[in-house]
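Below: one structure, written as structure tokens.
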Amino acid sequence: MSTEHPQKQEIDWEEKWQQGNTLWDHGESSPALTALFKNEETKKLIPESGLGLVPGCGSGYDVVFLATKDRHVTGLDFSQTCVKKLHEAHPNAAEKNYDFRCADFFNFEIPVEKYSLAYDYTFLCALEPYLRPAWARRYSEIIAKDGILITLMFPIDDHEGGPPFAVNEQLYRDLLSDHFELLYIKDAVGHASRLGKEKIAIWKKL
Ligand code: SAH
């Protein structure tokens with residue numbers, strides 16, 4: 001199933017990838033994400049099997065981290081240059097139970113069983129703010145009942161403009177609460193340069 005794209009995005013991500021203008025890239029998954037899988041309280045909230053999705057996956061670290069023998073993970077990015085690099089860097093992805101697709105989050109074909117896990121980091125903040133309601137609607141369509149959405153909220157501040165566009169906890173609550181129950185939220189200890197500007201949350205699809 002796919003929905004109409006709400007409106008064309010203005011930011012030229014393909015150009016950024018072509019020019020190597022990827023300053024957001026920290027070279028590894030955020031320690032705030034990996035910590036969720038080390039902590040018994042949060043680990044037990046996250047389904048161990050099914051299908052996972054990382055929209056706007058960039059260099060794909062989180063896709064590799066989240067894929068297990070029981071969980072297939074798809075990294076999605078609509079920059080062709082980005083996905084070409086991913087395919088070159090990960091020739092054996094299928095064996096490790098992940099893949100990368102060049103597609104638009106708002107308009108790509110989703111599997112019948114839907115996703116049991118999605119991870120959103122530096123994706124909401126990458127979108128022009130008018131797309132936020134569509135972002136929330138899309139997650140509500142593509143995540144299975146009882147499936148989990150992990151949001152690493154960034155950047156929590158009040159600067160003007162973007163990307164990254166400023167976010168805050170209330171924004172996520174307003175966007176997601178109709179379709180998701182908030183199970184867990186905490187100040188995040190992630191990449192050092194982002195300390196104090198991030199919270200990590202686990203949402204369950206109703
Ligand atoms: N999450 C990655 C990349 C963040 S930059 C990281 O933390 O390193 C945001 C990424 O989202 C870019 O690679 C951009 O190409 C992609 N993107 C933006 N809008 C998208 C859309 N509608 N569908 C798929 N990918 C999108």
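Keep in mind it's a predicted model, so treat the numbers as computed, not measured. Just so you know, ligand 1 is whichever comes first in the structure, and atom 1 is the first atom listed for that ligand.
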So is W17 close enough to ligand 1, meaning a heavy atom under 4.0 angstrom away?
yes
Proximal atoms of ligand 1 relative to Y121 (non-hydrogen, under 4.0 Å)
1 (N)
Give a yes/no on ligand 1: does P163 have at least one heavy atom closer than 4.0 angstrom to it?
no
With atoms numbered from 1 as shown, which atoms in ligand 1 lie under 4.0 angstrom from a non-hydrogen atom of D104?
21 (C), 22 (N), 23 (N)
Hey, does F78 come in under 3.5 Å of ligand 1, counting only N/O atoms on both sides?
yes
Looking only at distances, please establish whether an N/O atom of ligand 1 is found under 3.5 Å from an N/O atom of T122.
yes
Just distances here: any N/O of S59 and N/O of ligand 1 closer than 3.5 Å?
no
Can you list the atoms of ligand 1 that are under 4.0 Å from a heavy atom of Q9?
19 (N), 20 (C), 21 (C), 22 (N)
Nearest candidate to atom 14 (C) of ligand 1, where distance is taken over non-hydrogen atoms, out of L23, D77, L127
D77
Any link between L124 and I202 through a network of hydrophobic side chains (Ile, Leu, Val, Met, Phe, Trp, Tyr) touching at under 4.5 Å?
no
For H26, enumerate each residue passing the side-chain contact (heavy atoms from CB on, under 4.5 Å) test, keeping only those at least two apart in sequence or located in another chain.
H191, S193, R194
Show the atoms of ligand 1 that are less than 4.0 angstrom away from any heavy atom in F105.
21 (C), 22 (N), 23 (N), 24 (C)
Within-shell test, C57 vs ligand 1, heavy atom, strictly < 4.0 Å
yes
Hey, are the side chains of L45 and K204 touching, using non-hydrogen atoms and a 4.5 Å cut-off?
no
Taking only heavy atoms of F106 into account, list the atoms of ligand 1 that are under 4.0 Å away from them.
22 (N)
Nearest non-hydrogen atom to atom 1 (N) of ligand 1 belongs to which of G58, S29, G56?
G56
For F180 and Y139, run ring-ring contact (aromatic ring centres under 6.0 Å, His included): C-alpha distance rounded to whole Å, both residues' side-chain angles, the deciding distance at 0.1 Å, then the answer.
CA-CA 10 Å; F180 292 87; Y139 274 126; 7.2 Å; no
Does a side-chain heavy-atom distance below 4.5 Å link L183 with I148?
yes
Do other residues, nucleotides or ligands put more than 12 heavy atoms under 6.0 Å from the CG atom of D70?
yes
Assess the pair F165 and Y130: is the distance between their ring centroids shorter than 6.0 Å?
no
Does K197 NZ have over 12 foreign heavy atoms under 6.0 Å away?
no
I'd like to check the side-chain contact (heavy atoms from CB on, under 4.5 Å) partners of E160; sequence neighbours left out, ordered by chain and number.
none
The atoms of ligand 1 lying under 4.0 Å from a heavy atom of A103, numbered in the order shown, are 23 (N), 24 (C)
